[in-house]
Student: 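Input: one structure, supplied below.
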Amino acid sequence: MKSQQIIFSNVKALHRLNFTEIIKIQDFDNDFALNEEYYDFDNYISPGTNKNGRFKSVVESCCDICRKGVLEKEDSWTRSDKDAYDRYYKDFKLKYVSHGSHSVDFLNAAGVNIVEECADWNDVPVLFLLENPSLNYEIYQECPNGKYPTNTWYWIHRRLEKPSNVHLDDYLVQGFYGRMVYALICEYCLLNAYMTNVVKCGLSGEYKDGKESYLGTSWYDRTCIKSCFENVLLKEIKCLTKGFDRLKIVAFGSNAYKLIENCLTERASDRSSIINEIKVQLVQLPHPSSRIKTLYRRYAVKGIMNDLLYNDSSFFLQINQI
């Protein structure tokens, strides 16, 4: 199938970006994938942990373009913002580093024969976005530049069930992230979906009582957001959409939605941008951690996904009509 061949080629390009530029894997080669050759599914830290697998090769480094982290104090801030900055946030650093995962990665983790079992799956590029990494959750390791790249396959971590055993409603509940996206991939037969954070680095530090906390991108230095979008996310979009003329973006939560909306609309003015070569649709879904009723989450998610996937003139932001 021609579109499968294109997708597999694009996934190789995404792997090279993710594991040589964002997360740097030692001895990376062009066949690198989420399978037994390159990933140890059973190598978790100890019984009782999240039982996340680990890359078989060493994670030797990660992207270090941005170092500044939190914004300088601004005159427009409220008193409470300034107090919080002075007391807690001024020393927060860009620390935890994530990468993205493609449908092919999810399906590999489920042991699916993609060529045979997914021959009639939807090949439209779909980009699932969250805002930024948060806390440790036992998935990172320190590298020489002082940052902490993930040493487990982000969003996936472990073996998954076969698509036929995945029922979407079971995963449309609070607190499901990668597993929810995998359920969406299975429900809508999305062979060309990709999940990532808009900003790859988490901004974190010591908060009250010595406990670790993190900040949303509203606290980030603007140059960090712009740099990550232009140097990483746009490259991911270019890899994902090569050979296709459109991109459907799903942002989880208002923060991710506003962040990517601002980045896209600003970048759309640049005639040389990949954004101006394809049709882009953007919709917002409830954030996985949002405290909304499960029934409403299911109604909203399935209604918006159906409209997005089967209507090229669907609501919300649209760029470059075709």
Student: Among Cys201, Ser204, Ser98, find the residue that satisfies the side-chain contact (heavy atoms from CB on, under 4.5 Å) test when tested with Pro133.
Tutor: Ser98
Student: Do the ring planes of Phe92 and Tyr89 sit parallel (below 30°), tilted (30 to 60°) or perpendicular (above 60°)?
Tutor: perpendicular
Student: Between Val301 and Leu184, is the side-chain contact (heavy atoms from CB on, under 4.5 Å) condition met? List the steps.
Tutor: CA-CA 9 Å; Val301 169; Leu184 290 170; 3.9 Å; yes
Student: Going by heavy atoms in the side chains, are Thr152 and Tyr137 under 4.5 Å from each other?
Tutor: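 Answer no - side chains too far apart.
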Student: Side-chain contact test, heavy atoms from C-beta onward, threshold under 4.5 Å: evaluate it for Arg54 versus Val59 and give yes or no.
Tutor: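 No, too far: nothing below the 4.5 Å cut-off.
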Student: I want to know whether Phe19 and Trp153 have ring centres closer than 6.0 Å.
Tutor: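 So the answer is yes for these two rings.
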Student: Report yes or no: do Tyr148 and Gln141 form a side-chain donor-acceptor pair below 3.5 Å?
Tutor: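 Gln141 and Tyr148 do not have a side-chain donor-acceptor pair below 3.5 Å.
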Student: Backbone N or O of Val11 within a donor-acceptor pair of the His102 side chain at under 3.5 Å?
Tutor: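 The answer is no, because no donor-acceptor pair under 3.5 Å joins these two groups.
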Student: Once the angle between the rings of Tyr182 and Phe106 is folded into 0 to 90°, is it parallel (under 30°), tilted (30 to 60°) or perpendicular (over 60°)?
Tutor: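 The rings of Tyr182 and Phe106 lie parallel, inter-plane angle below 30°.
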Student: Can a side-chain donor-acceptor contact be found between Asn231 and Ser227 if the only test is distance below 3.5 angstrom?
Tutor: yes
Student: Give the intermediate values and the outcome of side chain to side chain donor-acceptor pair (under 3.5 Å) for residues Tyr38 and Asp31.
Tutor: CA-CA 9 Å; Tyr38 298 94; Asp31 294 323; 4.6 Å; no
Student: Applying side-chain contact (heavy atoms from CB on, under 4.5 Å), run through Asn306 and Tyr188 and close with a yes or a no.
Tutor: CA-CA 9 Å; Asn306 278 315; Tyr188 294 102; 3.4 Å; yes
Student: Test your reading of the model: is there a side-chain donor-acceptor pair from Thr265 to the backbone of Glu261, 3.5 Å cut-off?
Tutor: yes
Student: If you define the side chain from C-beta out and look only at heavy atoms, does anything of Leu309 sit under 4.5 Å from Val126?
Tutor: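 Yes, close enough: below the 4.5 Å cut-off.
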Student: Is there side-chain contact between Phe244 and Ile278, with heavy atoms separated by less than 4.5 Å?
Tutor: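 They are not in contact (no side-chain heavy atoms under 4.5 Å apart), so the answer is no.
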Student: Side chains of Lys235 and Leu14, heavy atoms from C-beta outward: is any pair under 4.5 Å?
Tutor: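 No - every pair of side-chain heavy atoms lies 4.5 Å or more apart.
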Student: Test your reading of the model: is there a side-chain donor-acceptor pair from Glu131 to the backbone of Asn197, 3.5 Å cut-off?
Tutor: no
Student: Between Tyr171 and Tyr177, do the side chains contain an N or O donor and an N or O acceptor separated by less than 3.5 Å?
Tutor: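 Looking only at side-chain atoms, Tyr177 and Tyr171 do not form any donor-acceptor pair under 3.5 Å.
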Student: Ignoring hydrogens and angles, state whether a donor on the side chain of Asn255 or His287 is under 3.5 Å from an acceptor on the partner side chain.
Tutor: no
Student: If you count heavy atoms of other groups shown closer than 6.0 angstrom to NZ of Lys56, is the number above 12?
Tutor: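 Check passes, neighbour count above 12.
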Student: Considering the options Leu94, Thr217, Asp221, which one meets the side-chain contact (heavy atoms from CB on, under 4.5 Å) requirement together with Leu203?
Tutor: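 Of the listed options, the one satisfying the test is Leu94.
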Student: Any donor and acceptor pair, going by atom type alone, linking the side chain of Asn262 with main-chain N or O of Lys258 inside 3.5 Å?
Tutor: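 Here the side-chain-to-backbone pair exists.
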Student: Indicate, with yes or no, if Met305 and Tyr296 share a hydrophobic cluster defined by side-chain heavy-atom contacts under 4.5 Å among Ile, Leu, Val, Met, Phe, Trp and Tyr.
Tutor: no
